[in-house]
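Worksheet: the structure to be examined is printed underneath.
Just the heavy atoms: all of them, side chains too, but no hydrogens, waters or symmetry mates, feed the values below. Just so it is clear: chains get the letters A, B, ... in the order the sequence lines come, proteins before strands, and each one is counted from 1.
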Amino acid sequence: MKKLILPILILILFFVFPHPVSADFQKAYADYVYNQNLYRQSYNDFQTAKSTFLTYDTLASQNEALSKFRKVLQDRNQVMVVYYDLINERLITAEGVPEDYKNTFSTIRLSEQKWLAENQKKIEAVSSIDDLNSVSSEFESRYQQMESETKQAFGRIIIGKELILRQKLDGLSVRLNDKLTEIAQSGENVTTYKRNLTTAKNKLELFDEKMRQVNQTLIRPIGEIPNVFEGQQKLTEANFYLRDTLNSMQEIINLITR
Amino acid sequence: MTDTTNIQQPTKTQGSTSNDQQPTVVAQPVPPMQNSENADNITSLRVNSHGFKTILLIVLGVVILFLAIAYMVLLTFPRKSVPVVELPKETPKPVVEVPVEIPKSKFATDSGVVQMINDFKTLETEIDSVDFFETKILPPNLDTNIKINK
């Protein structure tokens with residue numbers, strides 16, 4: 001019976017707090033998964049063809065290697081094209097992300113997809129292994145910039161989640177303060193409650209300090225790759241301070257109603 | 001051996017005088033002696049008695065042995081539980097507790113406060129279930145160095 005409690009709770013939470021995910025996001029996600037599978041398959045085929053060519057060095061094996069080389073580069077490009085679409089769709093529905101950043105990323109996405117389309121044309125045009133090596137190197141040089149852009153977008157999405165929670169807590173804090181004022185007007189002594197509320201709000205300073213560290217980790221200048229894992233760890237710590245503040249405010253409510 | 005069947009047996013006299021009031025001892029007839037056949041029979045009876053005792057002892061031993069085995073067999077089988085007749089117990093009389101009325105704050109039922117309690121609970125759940133990992137949008141695992149160098 002106890003084993004059933006957790007899945008049921010998760011199921012309830014899933015319906016009570018549905019993720020704001022659009023149908024476009026679901027489609028983008030399906031495309032992303034599909035193209036990743038294509039890439040994995042063509043990458044394996046390329047490795048086999050490459051080994052055969054390097055072993056036997058025949059014309060047939062060279063043609064086969066060239067064909068598989070071209071295919072894997074095309075599929076790799078396509079994965080990045082759909083990944084930009086996926087991040088963009090997720091950003092559209094993300095709460096707590098500034099609108100100007102969403103617009104900026106949309107522009108970045110179009111720019112990168114344009115570059116990838118041009119790179120794709122080069123892949124189709126070249127007819128030698130050396131030229132494909134050259135086109136592949138162009139992708140490699142560009143990839144650091146693409147990684148920086150997409151990881152920063154990822155960081156903005158998860159930071160936005162925590163900022164929204166902070167806003168909601170601030171709203172409840174204001175309501176609680178108003179209620180204490182109302183109680184004081186009715187003749188009750190609320191000095192202790194007010195002092196407790198101030199103490200609770202002071203805990204948010206620790207949250208703010210942690211969020212500054214999160215921003216420094218996840219929002220980097222263009223070209224620098226954010227450390228997503230470190231950012232996630234710091235966000236978890238910030239979330240702890242938010243929870244602690246909430247507990248203190250709930251305690252004040254308990255004292256009022258007792 | 002002498003024949004004892006013809007021996008005069010003394011008899012008790014009747015109508016005696018007052019001087020003669022002492023009881024007269026009358027000799028009782030002595031049972032005749034058994035002949036040799038009878039002696040043999042006695043011997044035979046003694047022998048038979050000894051055999052009978054032996055048989056009796058054997059039978060007694062067998063019976064005791066049988067009873068001992070039967071007792072052991074009975075011990076190995078689970079006994080049928082004897083239904084216990086429950087006697088009606090005296091049910092303890094419930095102690096009637098007088099509920100202590102704890103005066104609740106008048107704000108406990110205040111609609112604004114109740115709404116705030118619910119909103120705090122909702123936010124609590126959101127904080128606990130926030131997902132910082134977003135597994136669906138994780139970056140792809142690509143090999144950026146795809147080349148063929150001879």
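Between chain B and the options A/Glu188, A/Lys151, A/Glu182, the largest number of non-hydrogen pairs under 4.5 Å is found for A/Glu188. Counting heavy-atom pairs closer than 4.5 Å to chain B, the top residue among A/Thr236, A/Leu73, A/Asp178 is A/Thr236. Note on A/Lys50, A/Gln36, A/Arg76: by heavy-atom pairs under 4.5 Å with chain B, the leading option is A/Arg76. Among A/Ser134, A/Ser136, A/Ala153, the residue making the largest number of heavy-atom pairs under 4.5 Å with chain B is A/Ser136. Across A/Val228, A/Leu172, A/Leu132, the residue that shares the most heavy-atom pairs under 4.5 angstrom with chain B is A/Leu172. The candidate from A/Phe154, A/Phe139, A/Phe53 with the greatest count of non-hydrogen atom pairs under 4.5 Å with chain B is A/Phe154.
Summarising the geometry, atom CD1 belonging to B/Ile127 is positioned 6.0 Å from atom CG belonging to A/Asn239; distances are rounded to the nearest 0.5 Å. Taking CG of A/Leu169 as the reference point, atom CG of B/Leu123 lies at 5.5 Å (rounded to 0.5 Å). Residue A/Leu242 holds its CG atom at 11.0 Å from CD of B/Glu126, rounded to the nearest 0.5 Å. To the nearest 0.5 angstrom, B/Met116 atom CE is 6.5 Å from A/Ile256 atom CD1. Distance check, rounded to the nearest 0.5 Å: NZ of B/Lys121 to CD1 of A/Ile253 gives 11.0 Å.
Counting all heavy atoms, side chain and backbone alike, B/Leu138 lies closest to A/Tyr32 at O-OH, 2.8 Å. Of all heavy-atom pairs spanning B/Phe107 and A/Ser186, the tightest one is CZ-OG, 3.9 Å.
The shortest distance between side-chain heavy atoms of A/Ile159 and B/Phe132 does not fall below 4.5 Å. You'll find the side chain of A/Lys179 reaches within 4.5 Å of the side chain of B/Asp110, heavy atoms only. Using a 4.5 Å heavy-atom threshold, the side chains of A/Tyr39 and B/Pro140 count as separate. Between A/Gln26 and B/Lys136 the shortest side-chain heavy-atom distance falls below 4.5 Å.
For B/Val130, the part lying under 4.5 angstrom from a heavy atom of chain A is the side chain only. Only the side chain of A/Ile129 comes within contact range of chain B, with heavy atoms under 4.5 Å apart. Heavy atoms of A/Phe229 lying under 4.5 Å from chain B are absent altogether. Heavy atoms closer than 4.5 Å to chain B are found in the side chain of A/Asp57, but not in its backbone.
Judged purely by atom type and a 3.5 angstrom limit, A/Lys161 uses its side chain to pair as donor or acceptor with the backbone of B/Asp131.
Between B/Asp119 and A/Arg175 a salt bridge is recorded (basic side-chain N to carboxylate O distance below 4.0 Å).
Heavy-atom neighbours of chain A within the stretch residues 141-150 of chain B, taken at a separation under 4.5 angstrom, comprise B/Asn141, B/Leu142, B/Asp143, B/Thr144, B/Asn145, B/Ile146, B/Lys147, B/Ile148, B/Asn149, B/Lys150.
A 6.0 Å sphere centred on CD of A/Gln144 holds no more than 12 heavy atoms belonging to other residues, nucleotides or ligands.
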